[in-house]
Amino acid sequence: MLNQLNPDQRRAVTCGEGPVLILAGAGSGKTRVLTARIAYLVREKGVRSDSIMAVTFTNKAASEIRERLKKMIGPEAGRLRLGTFHSQGLRILREERRRAGLANELTVYNDDDQLTLLRQVIQELGFNDKVVVPKSMLQIINQAKNENVGPEEYRSTASGAQAFIVERTAKVYELYQKRLKEMNCVDFGDLICEPVRLLKRDGRLLAMYQERIRHMLVDEYQDTNRAQYALTSLLSGGTRNIFAVGDPDQSIYGWRGADINNILDFEKDYPDADVLKLEENYRSTKKILSSANSVIENNTKRLDKTLRTQNPDGDKVVFEECETEYDEGRAVLRWIKKLMSLDKGIAYSDVAIFYRTNAQSRVFEEAMMRDGIPYVIVGGTRFYDRAEIRDSLAYMRLMANPNDLLSLTRAVNTPSRGVGPVALEKVRSISIDRGVSLFEALKIASDNGVIRKSGVGQFIAACAGFTRDAALHSLSDRTLRLLEESGYMTMWQGDGSEEAMQRVENIFELISAIKEFEAARASADGRALQEFLDHVALISDLDGIEEKIERITMMTVHSAKGLEFKAVFITGMEEGLFPHSRSVDSVESLEEERRLCYVAMTRARKRLFLLAARSRTVWGAQGWRTRSRFLDEIPNEHIEFIEFDAGKKKGVFQAHETHYTDEGSQITGQGEAVFYDDTDADWRIGMKVSHATFGLGVIKEKTGRGMEAKLLVNFRDVGVKKLAVKYAGLEIVQ
DNA sequence: GTCATTAGACTTTTT
DNA sequence: GTCTAATGAC
């Protein structure tokens with residue numbers, strides 16, 4: 001096992017006890033080291049595998065580590081405490097509930113559920129949701145939870161002019177937490193915060209965990225937030241055997257509360273820590289790697305680290321500037337075809353298209369579809385986010401947790417069964433008065449005529465059937481029957497529209513997912529429902545990528561982390577998109593964008609293509625673009641520019657399949673030419689111009705077209721001026 | 001209470 | 001250019 005590692009990797013794997021930080025550059029064998037370390041501890045050091053906890057950020061990473069370990073240490077691998085932060089947190093919460101003698105009912109809310117609950121809470125408190133905006137509240141509460149700040153502590157931050165606003169937000173936060181608790185629900189943030197709170201409050205519980213966990217290993221340490229940091233340091237506090245692996249250059253989740261200081265300050269927190277670097281890259285060609293290195297070197301807040309490789313030089317990085325986003329799609333398509341014909345060793349599954357925002361995927365999807373190139377889009381609208389799936393899950397969640405008000409509200413009134421806000425309020429008060437669950441209260445309300453409509457009777461009967469048959473039938477069968485007998489399926493089967501049929505199909509796909517889940521479980525017992533719901537709450541689409549299937553992969557740059565492909569296309573290399581416009585006003589967020597770019601570039605093994613469009617339609621309006629500053633950070637000797645053909649600039653462009661009628665409506669067809677007003681192309685944001693009296697300047701903003709355009713120009717000597725093209729007599733400076 | 005229509009927001013990234 | 005939430009008519 002150790003023979004397959006290089007000296008640095010071997011040193012990392014075999015280092016002694018105590019805190020260890022491994023700074024592992026992209027493609028340097030990070031997962032391999034983490035895996036080998038666990039195997040080393042179990043096999044060479046005789047550490048019991050159930051005393052090792054290893055946390056990752058994605059299920060994919062966790063299962064990859066588990067699979068590798070199965071090969072190295074056999075069935076022992078199954079006893080490791082290995083999983084995502086969130087799954088480990090949930091496990092601790094469930095263990096604790098069991099210990100406290102509470103029911104196993106616990107529902108994990110995602111951000112949609114959070115938002116629904118927040119809207120209710122804001123209304124209940126009598127706030128105007130135009131002033132107390134649910135989305136902002138969600139953001140503030142999530143952020144507080146990332147930083148491990150509870151409602152009381154949040155309230156104590158109030159001071160000065162902001163005090164009133166903080167106080168108001170604290171009220172929302174407080175009631176939100178109260179409602180969650182009443183319903184036996186937790187949100188994503190709670191999965192980390194709540195265990196931390198429990199461990200801090202209960203010294204005996206903490207001692208028990210610290211006794212149990214002898215070794216803690218953390219993957220992607222640069223992406224941990226304060227709460228996750230607290231959790232890992234608490235749990236590993238007994239032995240201080242914390243083995244953290246990460247790369248500060250790949251920290252891309254600052255917006256989600258990741259605190260890059262957790263890794264940068266590791267040596268401060270653990271002065272006796274061993275810090276080791278892995279700087280040999282096994283993935284990319286020299287040209288790709290040094291291009292990526294020269295981009296990331298522009299960041300100021302870095303730990304000193306330079307990746308090197310013994311791989312061949314490879315081909316130059318290609319940068320192609322296209323006219324529009326549709327041309328960008330065509331350019332990628334053309335390159336893919338070219339790659340396939342040139343290199344017999346390359347398969348569709350070796351190719352990936354990356355973009356900064358999900359909205360960009362559409363054009364590529366259309367391009368691939370037109371030419372019959374098989375593809376898969378990772379992320380975007382998730383399967384489990386579709387309305388019909390969320391409905392079905394609401395039925396299931398209500399069965400698992402009869403106090404889950406949100407799921408009850410959704411399920412009981414989909415399809416509508418005459419239970420509006422008024423009836424629900426009655427149900428709620430029955431539940432409080434008689435001390436019964438919400439679902440029980442619904443039954444009572446239906447029996448004594450508070451709710452008259454017959455639909456509710458059918459609903460309750462179907463639910464009762466689900467519970468009654470628990471011992472006789474599988475979860476998947478019962479779920480299907482629940483959806484059929486309650487009248488939910490009929491709701492969609494009624495109309496024969498394409499859309500409704502798709503929805504029914506999706507529901508059957510959910511049923512097969514349940515079947516699959518049941519088959520993978522060792523035993524059939526009463527916990528299947530709860531476990532399935534936990535499973536879907538904590539998975540993402542990324543976990544479902546099947547690598548062997550012959551198709552190209554399209555995804556956001558964020559989802560690409562941890563993956564690698566022979567050929568990578570990074571699209572939309574434009575200012576405002578990459579770096580994103582919402583990230584350019586602060587150095588911190590700009591540097592995060594640059595790290596994101598670095599992550600994207602280092603996914604490529606053999607070929608790297610960068611693309612940009614000179615004009616792009618955003619929010620339904622076309623706008624001119626300047627190319628990304630990151631492109632200028634790559635040395636010229638590594639890059640091959642395929643610039644937009646300047647010869648075509650004057651005159652007429654051809655060969656757009658989309659064109660516009662006089663009324664402005666869009667027609668898609670072929671063979672029609674589209675004429676561009678070439679005077680319009682003369683003025684682009686970022687372009688250098690010269691004025692007779694003001695001198696040299698750069699165009700900052702533009703309204704209008706061609707000679708009618710009005711420009712905002714930042715002159716080198718005299719500052720920003722507003723100019724009308726018609727009168728200004730500007731010249732373009734090349 | 002229900003349904004259809006409209007207005008508005010949204011598009012940075014996700015466990 | 002798409003989806004959702006709010007609104008108003010019945």
Side-chain angles (χ1 to χ4, degrees), chain A residues 55-62 83-90 108-112 114-116 119 123 129-130 133-135 139 142 145-146 186-192 219-220 223-225 227-228 251-258 354-363 378-382 384-387 413-424 451-453 455 534-543 555-562 572 576-584 589-590 592-593 595-597 599-600 616-622 658 664-666:
Chain A
V55 281
T56 62
F57 274 87
T58 62
N59 294 294
K60 191 179 161 64
T84 61
F85 268 101
H86 295 87
S87 69
Q88 299 288 0
L90 181 58
V108 180
Y109 273 8
N110 69 10
D111 32 343
D112 275 343
Q114 283 181 279
L115 212 50
T116 311
R119 284 201 191 94
Q123 198 173 22
D129 63 3
K130 298 271 156 38
V133 182
K135 279 228 161 132
Q139 213 180 346
N142 282 342
K145 289 186 178 184
N146 287 336
V186 286
D187 61 24
F188 272 110
D190 288 339
L191 291 177
I192 314 295
D219 191 18
E220 309 277 17
D223 286 332
T224 51
N225 60 34
Q228 288 160 335
S251 166
I252 55 173
Y253 286 111
W255 52 274
R256 208 171 69 185
F354 299 161
Y355 32 79
R356 180 65 181 80
T357 66
N358 277 309
Q360 287 163 257
S361 65
R362 208 193 176 95
V363 178
V378 179
T381 321
R382 294 205 288 274
Y384 288 98
D385 284 343
R386 291 165 205 267
N413 234 353
T414 322
S416 60
R417 299 186 181 96
V419 185
V422 180
L424 271 172
I451 297 167
R452 287 169 209 290
K453 297 279 165 55
D534 283 355
H535 169 73
V536 296
L538 299 176
I539 56 166
S540 72
D541 271 12
L542 195 57
D543 302 318
M555 64 176 106
T556 64
V557 195
H558 279 86
S559 333
K561 194 168 75 158
L577 201 55
F578 202 3
H580 197 271
S581 53
R582 287 169 66 159
S583 302
V584 291
S589 57
L590 182 66
E592 180 154 312
E593 292 285 312
R595 289 193 292 271
L596 196 51
C597 183
V599 167
R616 182 181 294 274
T617 305
V618 186
W619 288 303
Q622 198 188 39
T658 306
S665 61
Q666 192 177 315

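Order of the sequence lines fixes the chain letters, A, B, ..., with proteins taken first and strands second; residue numbering starts at 1 for each chain. Just so it is clear, the model here is predicted, and its values are computed rather than measured.
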Determine: side-chain N/O of [X] to OP1/OP2 of [N], distance under 4.0 Å, yes or no.
X        : N      : answer
A/Thr556 : B/dT12 : no
A/Ser559 : B/dT14 : yes
A/His580 : B/dT12 : yes

[X], nearest nucleotide to its side chain (from [options]):
X        : options                : answer
A/Ser416 : B/dT15, C/dT2, B/dT2   : B/dT2
A/Arg356 : B/dC10, B/dT15, B/dT13 : B/dT13
A/Arg582 : B/dT14, B/dT15, B/dT11 : B/dT11
A/Asn358 : B/dT13, B/dT2, C/dA5   : B/dT13

Relative to each other, are the rings of A/Phe57 and A/Phe85 parallel, tilted or perpendicular (30° and 60° limits)?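 Tilted.
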
Return the value, rounded to whole Å, for the distance between atom [atom1] of [X] and atom [atom2] of [N].
X        : N      : atom1 : atom2 : answer
A/Phe578 : B/dT12 : CZ    : P     : 14 Å
A/Phe188 : B/dT14 : CZ    : C1'   : 9 Å
A/Glu593 : B/dT12 : CD    : P     : 11 Å
A/Arg386 : C/dC3  : CZ    : P     : 11 Å
A/Gln114 : B/dT14 : CD    : C1'   : 12 Å
A/His558 : B/dT14 : NE2   : C1'   : 8 Å
A/Gln228 : B/dT14 : CD    : P     : 16 Å
A/His86  : B/dT14 : NE2   : P     : 14 Å

Closest approach of A/Arg119 to A/Pro134 (non-hydrogen atoms, all atoms of both residues):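 That closest heavy-atom pairing would be CG-CG, 3.8 Å.
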
Tell me which of A/Ser581 and A/Thr84 sits closer to the 5' end of DNA chain B, going by the nucleotide each one is nearest to.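 Upstream on the strand: A/Ser581.
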
Reading DNA chain B from 5' onward, which residue's closest nucleotide shows up sooner: A/Lys135 or A/Tyr253?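 With A/Lys135 and A/Tyr253 compared, the 5'-side residue is A/Lys135.
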
Check whether the aromatic ring of A/Phe57 stacks on the base of B/dT15, taking stacking as ring centres less than 5.5 Å apart and planes within 30° of each other.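 Ring-base stacking flag not set for A/Phe57 and B/dT15.
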
Using a 5.5 Å cut-off between ring centres and planes within 30 degrees, is A/Trp255 stacked on the base of B/dT12?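 Answer is no, no stack.
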
Is the backbone N or O of [Y] less than 3.5 Å from a side-chain atom of [X], with the two atoms forming a donor-acceptor pair by type?
X        : Y        : result
A/Gln114 : A/Tyr109 : no
A/Asp190 : A/Asp187 : yes
A/Asp223 : A/Ala258 : no

Could you tell me how far B/dT13 sits from C/dT4 if I compare only their P atoms? Round to whole Å.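 Looking at atom P only, C/dT4 and B/dT13 are 15 Å apart.
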
Check every strand shown and say whether [X] touches a base, only sugar-phosphate, or nothing at a heavy-atom separation below 4.0 Å.
X        : result
A/Arg362 : sugar-phosphate
A/Val422 : sugar-phosphate
A/Ala423 : sugar-phosphate

Is there a donor-acceptor contact under 3.5 Å linking the side chains of A/Ser589 and A/Glu592?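 No, no side-chain donor-acceptor contact under 3.5 Å.
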
